[in-house]
Structure formats: C-alpha cells, structure tokens
Amino acid sequence: MVLKRLKEEEIKEISRLVGHGNSIDEVSRKMNISKVTVYYYLRKKSRNKKNPIKIDFANQELIGEFMGLFAGDGNFLFQKKSYQYTIRLYFNVKERSFADDLIENVLLKLFARKPWMGRCKNVLILRYYSKEIYKLIKEYLTWDPNSKKTIP
C-alpha cells in the first residue's frame, strides 16, 4: 500500500463536497480515497474553529460584575505544558438557577460564548479556556504576587 498526500485541489474538493451535505462515505466513493483520509483532512481543517472570545469593553458594568464574581468565587490557571489558560467560577449546586441567569445576562453578553458547565460533587463549575479573559482579569485585578494562596 502506497501512502500519498493529497493535493491542495483535492483537499478543497473534500471541503466543497462535505459543505454541500455529502457524507464522508459519499465523498470517499466519489473521490476514490479512503474514509479515514477524508476524515483526517476534515479534522485537520476544522481544528481550532471555535468562535473566539470577543470581550465587550464598552459595557463596564458587566466587566465589573464579572470581576466581582471572579474575585469572590473564581480562579485561573496557566498550564505551561499545554499553554492553556483556564478560568473557572465555582457555585453551589443549589445555585443552578443563579448560574443559568449569570450565563445569559452577563457571560454571554460580555464574552459572546457560553462557558462549559460541569459538576463535581456539590460544586457547579463554569469554565472558559481563554487567554483574552486571563488578560482581562490581570488588567483589572491585583493581588500579592508573593502569596501562594489567596486565602490565608
């Protein structure tokens, strides 16, 4: 079996066919290439296609509300290995309606994207992966850089 890379025209044809509603199986049959190859190029093309965080700097009231929530019930973490910026807000599971309201009235308006929502025992977690939000927090909030924990 001889492996070969697809030409740019073939890759564009895969995208065009899938864009017109053809399944991976149909594209594979039409172009006479394996389904795995079609899937590989589709995944490669669609990587990192999440809609980016767009912070609404004009709405200072929402920024203030988010900063207050973050200062009280949030944390962020920069993971050096994966270069991932994780921002989390924590709530009690009984505050689910408050968290839903917060998502609709603050986070969606401020960041134009819903956070991931999860649960760990009795804790409700709202999470974003975003360098932009990390920079926003660093710009508006300050704390002692020598402190290992924010709670003594």
Side-chain angles (χ1 to χ4, degrees), residues 6 11-29 33-152:
L6 294 181
I11 296 170
K12 287 180 182 177
E13 182 66 13
I14 290 172
S15 296
R16 189 186 69 74
L17 288 171
V18 171
H20 283 100
N22 293 306
S23 69
I24 291 176
D25 192 39
E26 290 169 335
V27 173
S28 172
R29 273 190 265 120
I33 54 178
S34 73
K35 286 193 273 188
V36 174
T37 304
V38 173
Y39 184 72
Y40 169 79
Y41 281 102
L42 284 175
R43 289 268 308 172
K44 187 175 177 181
K45 181 181 181 265
S46 68
R47 210 173 286 154
N48 296 327
K49 293 290 183 179
K50 290 182 182 176
N51 47 331
I53 298 276
K54 296 174 190 152
I55 300 171
D56 181 12
F57 287 101
N59 199 335
Q60 291 294 308
E61 185 177 321
L62 289 180
I63 290 176
E65 191 166 343
F66 173 73
M67 290 302 147
L69 283 164
F70 180 81
D73 295 321
N75 81 337
F76 68 80
L77 172 69
F78 172 65
Q79 296 169 335
K80 290 182 180 179
K81 276 188 173 181
S82 61
Y83 290 98
Q84 202 168 43
Y85 296 84
T86 307
I87 291 88
R88 293 186 191 102
L89 294 171
Y90 298 94
F91 302 97
N92 190 304
V93 176
K94 295 176 184 175
E95 298 176 317
R96 175 67 188 250
S97 61
F98 174 74
D100 290 335
D101 188 49
L102 174 72
I103 291 169
E104 293 299 319
N105 296 323
V106 178
L107 300 177
L108 259 177
K109 291 179 182 177
L110 188 59
F111 303 129
R113 189 185 328 153
K114 278 188 169 183
W116 172 86
M117 183 186 288
R119 181 179 170 177
C120 182
K121 295 184 182 177
N122 66 337
V123 179
L124 190 64
I125 303 167
L126 302 180
R127 181 180 64 202
Y128 282 106
Y129 292 116
S130 171
K131 186 175 184 177
E132 291 80 17
I133 298 175
Y134 171 81
K135 287 180 179 178
L136 179 75
I137 293 167
K138 294 288 268 184
E139 179 183 334
Y140 280 88
L141 297 179
T142 59
W143 52 87
D144 182 13
N146 299 323
S147 174
K148 297 232 183 225
K149 293 184 179 180
T150 56
I151 300 173

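The analysis underlying the following values was restricted to heavy atoms, covering all of them including side chains, and did not include hydrogens, waters or symmetry mates. For reference, positions follow the sequence shown, starting with 1.
- Note on Lys135 versus Glu132: no salt bridge recorded, every NZ/NE/NH1/NH2 to OD/OE distance being 4.0 Å or above.
- Between Leu102 and Leu126 the shortest heavy-atom distance is CD2-CD1, 4.0 Å.
- Side-chain contact between Arg96 and Leu124: present, with at least one pair of heavy atoms (C-beta onward) separated by less than 4.5 Å.
- Taking CZ from Phe76 and CD1 from Ile133, the interatomic distance works out to 12.5 Å, rounded to the nearest 0.5 Å.
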> Glu104 and Lys114: side chain to side chain contact (heavy atoms under 4.5 Å, CB included), yes or no, with the steps?
Replying inline: CA-CA 8 Å; Glu104 293 299 319; Lys114 278 188 169 183; 3.7 Å; yes
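- At least one donor-acceptor pair closer than 3.5 Å links the side chain of Ser28 to the backbone N or O of Ile33.
- A heavy-atom distance below 4.5 Å is not found between the side chains of Asp56 and Lys109.
- Expressed to the nearest 0.5 Å, how far CD1 of Ile11 lies from CG of Leu42 amounts to 10.5 Å.
- With rounding to the nearest 0.5 angstrom, the CG atom of Asp73 is 14.5 Å from the CZ atom of Arg88.
- Note: Leu77 CG to Tyr129 OH = 9.5 Å, rounded to the nearest 0.5 Å.
- Here the CD1-OH distance, from Ile53 to Tyr85, works out to 14.5 Å after rounding to the nearest 0.5 Å.
- What you find for Ile24 and Lys35 is that their closest heavy atoms are CG2-O, 3.8 Å.
- Judged by distance alone, with hydrogens and angles left aside, the side-chain atoms of Arg119 form a donor-acceptor pair with the main-chain N or O of Lys121 at under 3.5 Å.
- Residue pairs meeting the side chain to side chain donor-acceptor pair (under 3.5 Å) criterion with at least one member in residues 59-68, sequence neighbours excluded, are Gln60-Tyr140.
- In this structure, the side chain of Asn22 engages the main chain of Leu17 through a donor-acceptor pair within 3.5 Å.
- Between Tyr134 and Phe78, the angle of the ring planes lies from 30° to 60°, which puts this pair in the tilted group.
- Heavy atoms only, all atoms of each residue included: Leu107 and Pro115 are closest at CD1-CG, 3.8 Å.
- How far OH of Tyr128 is from OG1 of Thr86: 13.5 Å, rounded to the nearest 0.5 Å.
- Nearest heavy atoms, Leu89 versus Gly74: CD2-CA, 4.0 Å.
- Of all heavy-atom pairs between Leu136 and Phe57, the closest is CD1-CE2, 3.6 Å.
- Taking Ser34 as the reference, Thr37 meet the side-chain hydrogen bond (donor to acceptor under 3.5 Å, both in side chains) condition, with sequence neighbours excluded.
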